[in-house]
Amino acid sequence: MGEIMKQAIIIGSTTQTKDWLQNCLNSFGKYDKYPIIVVVNDDFELGKLKWVYDNTDIDEFFLLHDTVEIKNTDLFDLAFNYDGSFALSNQPVQMGMFLGKYRREILDQMSIPETKTKMEAVLQECEFNQKYSALETKMATIFKPLLNSEIFEEKFGRNNMILENDYIKKYKGTWSLGMVK
């Protein structure tokens, strides 16, 4: 009999985004099929990913931002029942925005760089995820991946581009390199 796979949903947040985090958590309703772990630090996505890698023994984890609303929790069954990594976006590369299911066995083959600025985080979105995808022989992208849109919505004092599919709604606060400070 094989070992049971340790799987979890990770929500990355910061000390400044409590309203976003509460909104995200509320969107799960009473969902409790997979553990939900909130990582709160003032680091970027790779910092959250590295924290999970360094501080847990989770085999597979679905990384989300606190700026996401869950519309259909079937997403997590789709991802965790798939024997490979699972991307919510292929824009600008597979695992764009760092949204999707990462696997420890792939991360074991990589180093996770530290990102100290928003610009480094944006550049690593492509560089890190391209390296990850090159190592992953079983990468899937969800049907109807998240793509940039022309739809905008004000929420929590910020203008957001809305990326949406049947499973999630993403409020994107930075959608062009010129916006990075």
Side-chain angles (χ1 to χ4, degrees), residues 2-14 17 20-91 93-115 121 124-143 145-146 163 165 167-172:
E3 209 175 295
I4 294 176
M5 181 78 61
K6 295 179 184 125
Q7 300 168 316
I9 299 164
I10 308 298
I11 301 171
S13 190
T14 72
T17 56
W20 286 107
L21 176 59
Q22 192 59 57
N23 185 68
C24 177
L25 290 171
N26 289 346
S27 73
F28 278 89
K30 296 181 183 201
Y31 182 78
D32 66 355
K33 186 166 184 179
Y34 300 96
I36 298 172
I37 300 169
V38 177
V39 178
V40 178
N41 61 32
D42 289 322
D43 208 341
F44 299 97
E45 293 86 359
L46 277 177
K48 275 90 166 129
L49 192 147
K50 184 165 178 39
W51 187 93
V52 173
Y53 182 81
D54 289 344
N55 294 285
T56 75
D57 63 350
I58 298 169
D59 299 304
E60 299 181 335
F61 57 91
F62 202 104
L63 187 61
L64 293 172
H65 304 178
D66 57 7
T67 55
V68 165
E69 290 176 358
I70 302 304
K71 294 170 53 177
N72 183 342
T73 56
D74 290 346
L75 168 66
F76 304 111
D77 284 335
L78 288 172
F80 288 127
N81 289 329
Y82 180 70
D83 184 31
S85 295
F86 193 88
L88 281 182
S89 178
N90 56 8
Q91 191 181 61
V93 296
Q94 288 281 49
M95 303 298 269
M97 298 173 281
F98 297 96
L99 294 172
K101 181 182 87 171
Y102 287 89
R103 299 190 313 136
R104 180 174 292 276
E105 71 180 84
I106 304 301
L107 294 171
D108 285 343
Q109 301 171 53
M110 306 177 65
S111 64
I112 302 172
E114 186 177 337
T115 53
Q124 283 298 327
E125 177 183 0
C126 291
E127 188 175 329
F128 178 82
N129 285 314
Q130 284 175 321
K131 289 177 184 174
Y132 182 91
S133 296
L135 293 168
E136 175 59 274
T137 59
K138 298 178 277 186
M139 176 68 80
T141 302
I142 191 167
F143 175 71
L146 295 176
L163 287 65
N165 62 23
Y167 299 97
I168 75 164
K169 181 177 184 179
K170 164 74 174 129
Y171 296 86
K172 191 173 184 178

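Worth knowing before you read on, the calculation uses all heavy atoms, side chains too, and leaves out hydrogens, waters and symmetry mates.
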Report yes if the side chains of Leu49 and Tyr132 come closer than 4.5 Å at any heavy-atom pair, otherwise no.
no

Please output the side-chain donor-acceptor pairs of residues 35-45 that fall under 3.5 Å, not counting sequence neighbours, one pair per line with the distance.
unit_1: Asn41; atom_1: OD1; unit_2: Asp43; atom_2: N; d: 3.0
unit_1: Asn41; atom_1: OD1; unit_2: Lys48; atom_2: NZ; d: 2.7
unit_1: Asp42; atom_1: OD1; unit_2: Thr15; atom_2: N; d: 3.1
unit_1: Asp42; atom_1: OD1; unit_2: Thr15; atom_2: OG1; d: 2.9
unit_1: Asp42; atom_1: OD2; unit_2: Thr15; atom_2: OG1; d: 2.9

Taking side-chain contact (heavy atoms from CB on, under 4.5 Å) as the definition, give me every residue that meets it alongside Lys6, ordered by chain and number, with sequence neighbours left out.
Asp57, Asp59

Roughly how far, to the nearest 0.5 Å, is CD of Gln91 from CG of Leu146?
9.0 Å

Student check: side-chain heavy atoms of Met5 and Asp83 closer than 4.5 Å
no

Report the distance from atom CG of Leu163 to atom CG of Leu99, rounding to the nearest 0.5 Å.
9.0 Å

Kindly compute the distance separating CG (Asn129) from CD (Glu125), expressed to the nearest 0.5 Å.
7.0 Å

As an exercise, state the distance from CD1 of Ile112 to OH of Tyr102, rounded to the nearest 0.5 Å.
9.5 Å

Contacts of type side-chain hydrogen bond (donor to acceptor under 3.5 Å, both in side chains), residue Tyr167, not counting sequence neighbours:
none

Indicate yes or no for a side-chain donor-acceptor contact from Thr56 to the backbone of Val52 under 3.5 Å, with no hydrogens or angles considered.
yes

Go through the structure and list residues passing side-chain contact (heavy atoms from CB on, under 4.5 Å) with Glu114, not counting sequence neighbours.
Lys116

Look up atom CD1 in Ile142 and atom CG in Leu78, then write down how far apart they are to the nearest 0.5 Å.
6.0 Å

Excluding sequence neighbours, so at least two apart, what forms side-chain hydrogen bond (donor to acceptor under 3.5 Å, both in side chains) with Thr141?
Gln94

Any side-chain heavy-atom pair of Tyr171 and Trp20 under 4.5 Å:
yes

Any side-chain heavy-atom pair from Met110 and Phe128 closer than 4.5 angstrom?
yes

With Ala79, which residues qualify under side-chain contact (heavy atoms from CB on, under 4.5 Å), at least two apart?
Phe62, Phe86, Lys101

I'd like to know if the side chain of Gln124 pairs up with that of Thr115 as donor and acceptor (distance under 3.5 Å, no hydrogens or angles considered).
no

SG/Cys126 to CE/Met95 distance, rounded to the nearest 0.5 angstrom?
13.5 Å

Do side-chain atoms of Lys71 reach the backbone of Asn165 as a donor and acceptor pair under 3.5 angstrom?
yes

Under 30°, 30 to 60°, or over 60°: which ring-plane class applies to Phe76 and Phe28, parallel, tilted or perpendicular?
parallel

